[in-house]
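Quick note: numbers below take in every heavy atom, side chains included, and nothing from hydrogens, waters or symmetry partners.
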Protein chains: 2
Amino acid sequence: MAPPEPARRSCCPIACTLDLLGDRWTVLVIRDLFAGKRRYSEFVRSPESIATNILADRLAWLVDRGLVERAVPEGKRRAEYRLTDEGRSLEPVLGAVARWGLKHIEGTEARLAPASEPTAAPRS
Amino acid sequence: MAPPEPARRSCCPIACTLDLLGDRWTVLVIRDLFAGKRRYSEFVRSPESIATNILADRLAWLVDRGLVERAVPEGKRRAEYRLTDEGRSLEPVLGAVARWGLKHIEGTEARLAPASEPTAAPRS
DNA sequence: CCAAATCAGTTGCATATTGCAAGCAAAAAG
DNA sequence: CTTTTTGCTTGCAATATGCAACTGATTTGG
């Protein structure tokens, strides 16, 4: 899981960033982390329905790259995933993408509850 | 070529944007267009060495989506590709990605000559 | 304590996407 | 006219993705 380091295609910062997280799923996992999700089952339940093997692979990749940390909180047994500072530094990137999508793709709507607002439950 | 419209995974603006250009090559083609490249052979010569079938596919896809236009300039026979206004609106996204890469990935360096500066040739 | 449900994955296999090399006709260069 | 370059297409091998089933821990409920 998570290959050794696939050799970058060039020294272009855009190309290198894409090598890191330019596939169909990695950024969505990061989005969920920004939204406050912490546990495996929470990611699985996102509306895009990521396959569990892919999720496991991407989480391992991100932990490996230092963008995400996996930790078992004291008193509990199950691990949780969180963005590291490095991971959180991607906020402007996700922000720019989200803003572009909202403005230029019909039928999109924002849903990022920034992990601090308790959002008194209008479900579904 | 360029499939009918693969049905979006969700209404999330990030997911939808990724469906549009979230693969290993599309954004690099757009980067090249921002850098002032216009012809097929110019894209092929970029340091990442995109395969010609992929390039043809991505260009067709982008033209289809209205982000790029293909036009034969008067007096010439060969077509050129250019960003549409819609395509140019991606500038903040590319900018955010480039800035993140520059700051967080070792060994990356900017190379975007913004198509207006003649850059009196310090080669290589 | 015991049974059932949930969680956090892993495994195997079918399908889709990429990457590579070669080939080819039209256009431009000489 | 001949050669080179350009702008692709085609075929096939390698890789990545998607799906369903399965598993062994951990909770949950009684």
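Listed candidates were D:dT27, C:dT11, D:dG11. Nearest to the side chain of A:R78 is D:dT27. Considering only the side chain of A:S41, C:dA8 comes nearest among D:dT17, C:dA8, D:dT10. Nearest nucleotide to the side chain of B:N53, out of D:dT17, C:dC20, C:dG12: C:dC20. When distances are taken from the side chain of B:T52 to each of C:dA22, D:dC19, D:dG7, the shortest belongs to C:dA22. In this structure, of C:dA28, D:dC8, C:dG9, it is C:dA28 that holds the atom nearest to the side chain of B:R77.
Within the 4.0 Å cut-off from OP1 or OP2 of D:dG18, at least one side-chain nitrogen or oxygen of A:W25 is found. For B:R58, no side-chain nitrogen or oxygen approaches OP1 or OP2 of C:dT17 to under 4.0 Å. Taking 4.0 angstrom as the limit, B:R9 places none of its side-chain polar atoms (N or O) nearer than this to OP1 or OP2 of D:dG18. Dashed line: the shortest gap from a side-chain N or O of A:R24 to OP1 or OP2 of C:dT18 is not under 4.0 Å. For C:dA27, neither phosphate oxygen OP1 nor OP2 lies less than 4.0 angstrom from any side-chain nitrogen or oxygen of B:R39.
In this structure, B:S46 OG and B:R31 CZ are separated by 5.0 Å, a value rounded to the nearest 0.5 Å.
Proximity of A:W25 to A:E48: side-chain heavy atoms (C-beta onward) are separated by under 4.5 Å at one or more points. Looking at B:L21 and B:R65, their side chains never come closer than 4.5 Å, going by heavy atoms from C-beta outward. With contacts defined as side-chain heavy-atom distances shorter than 4.5 Å, the pair A:S89/B:H104 qualifies.
C:dC7 atom P lies 17 Å from atom CZ of A:R38, rounded to whole Å. In this structure, B:E80 atom CD and D:dT6 atom P are separated by 14 Å, rounded to whole Å. One atom, CZ of B:F43, and another, P of D:dT6, lie 14 Å apart when rounded to the nearest Å. Rounded to a whole Å, the CD1 atom of A:I54 is 14 Å from the P atom of C:dA16.
Within the 4.0 angstrom heavy-atom criterion, only backbone atoms of the sugar-phosphate kind lie near B:D23; the bases stay farther away. If you check every strand for non-hydrogen atoms under 4.0 Å, B:Y81 touches sugar and phosphate atoms only.
Nearer the 5' end of DNA chain D, as judged by each residue's closest nucleotide, is the contact made by B:A56, out of B:A56 and A:S49.
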